[in-house]
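Reading through the structure tokens given below for one structure.
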Amino acid sequence: MTVIEFGKQHHDTMVLFHGGGLSWWNYREVAEQLGSQYHVVLPVLDGHADSDAPFTTIEDNAKRVIAYISENFGGRVHLLGGLSLGGQIATEVLSQRSHICDFAVIESALACPMPVTAALVKPAFSLCYPLIRMRWFSRLQCWSLGIRMSLFEAYYRDTSCIEKADLIAFMTANAAYRLRNTLAQCRTKALVLVGGRERRIMKRSAHMICKCLPSARLEVLRDLKHGELSINQGRRFAQMLLEWMQSSDG
């Protein structure tokens with residue numbers, strides 16, 4: 001598993017998973033802020049630029065994460081979290097290994113399966129896939145996703161490297177993902193985040209995750225769209241995490 005690390009000198013470890021189609025730089029600013037107090041590990045998800053394996057399923061990616069944490073951190077870390085597809089993988093990890101972390105943060109993760117969308121991913125992306133290597137198209141995508149333009153070069157470089165089979169695989173998995181019943185066995189303190197300007201299905205998903213996780217707290221981020229907090233407001237995201245963990249410990 002390919003990872004980028006910050007604050008390696010610290011004992012307590014945080015692991016954060018980027019969103020689908022992005023890469024570790026999704027959390028660069030967050031990791032720079034938290035790296036003074038924590039060891040922050042940013043894995044590159046399977047099937048993305050610089051990853052060492054193709055994307056198969058969310059469940060398989062979660063198993064690889066669990067194996068990595070077992071091998072490198074004795075089977076447990078301080079915090080686990082992710083955005084969108086990364087949030088689904090983090091949720092799946094909690095479902096498979098309920099005691100793997102003290103805290104979890106799930107941002108804008110889809111938990112309501114969309115079978116029609118999942119079925120349309122392959123024909124739709126097979127047609128438009130050549131466009132991802134066009135700078136103008138990537139710039140348009142970057143703008144439509146609300147990603148700050150200072151990240152455009154990283155976004156263009158990494159999205160243009162994603163293989164078509166991987167893109168279709170993780171987009172299909174994202175649309176079809178269903179929460180496991182075993183998530184209810186997890187007692188990890190969780191912060192579930194969703195933007196106030198996100199689609200209704202994302203807000204329903206956030207409520208569903210909170211309902212399944214006994215120790216979860218929901219935070220609706222007024223005036224923010226999908227993923228804007230961790231991608232564009234890393235300092236705010238990091239401060240929110242620190243304050244929430246401190247209050248939860250109390």
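Both backbone and side-chain heavy atoms feed into the values below; hydrogens, waters and symmetry mates do not.
Atoms NE2 and OG, from H18 and S84 in turn, are 11.0 Å apart once rounded to the nearest 0.5 Å. Atom CG of D166 sits about 11.5 Å away from atom CG of L45, to the nearest 0.5 Å. Atom CG of N232 sits about 10.5 Å away from atom CG of L145, to the nearest 0.5 Å. Here the straight-line distance linking atom OG of S51 with atom CH2 of W24 works out to 15.5 Å at 0.5 Å rounding.
The side chain to side chain donor-acceptor pair (under 3.5 Å) contacts involving residues 191-218 comprise S108-E198, E198-H226, R217-E219, where partners must be two or more places apart or lie in separate chains. Among pairs with a residue in residues 23-33, those fulfilling salt bridge (charged side-chain N to carboxylate O under 4.0 Å, His left out) read E29-R148, E29-R235, at least two apart in sequence or across chains. Identified under the side chain to side chain donor-acceptor pair (under 3.5 Å) test for residues 64-81, with sequence neighbours left out: D46-R64, D52-R64, R76-D102, H78-D102.
A search for side-chain hydrogen bond (donor to acceptor under 3.5 Å, both in side chains) contacts involving D50 returns nothing, not counting sequence neighbours. Every residue two or more places apart in sequence or in another chain that forms a side-chain hydrogen bond (donor to acceptor under 3.5 Å, both in side chains) with Q239 is listed here: E243.
For the pair T91/L213, no side-chain contact is recorded, criterion being any heavy-atom separation below 4.5 Å from C-beta on. Side-chain contact check for L34 versus L242: some heavy-atom pair is nearer than 4.5 Å. In this structure, the side chains of I100 and T188 stay at 4.5 Å or more apart for every pair of heavy atoms.
At distances below 3.5 Å, not a single donor-acceptor pair connects side-chain atoms of E107 with backbone N or O atoms of V194. For the pair Y27 (side chain) and L83 (backbone), a donor-acceptor distance under 3.5 Å is present.
A cation-pi geometry, defined here as NZ or CZ lying under 6.0 Å from the six-membered ring centre and within 45° of its normal, does not hold between R139 and Y156.
When all heavy atoms of A62 and E92 are compared, the closest pair comes out as CB-CG, 3.5 Å.
Other residues sharing a hydrophobic cluster with L120 under the 4.5 Å side-chain heavy-atom criterion for ILVMFWY residues are V116.
Side chain to side chain, H39 and E5 meet the donor-acceptor criterion of an N or O pair below 3.5 Å.
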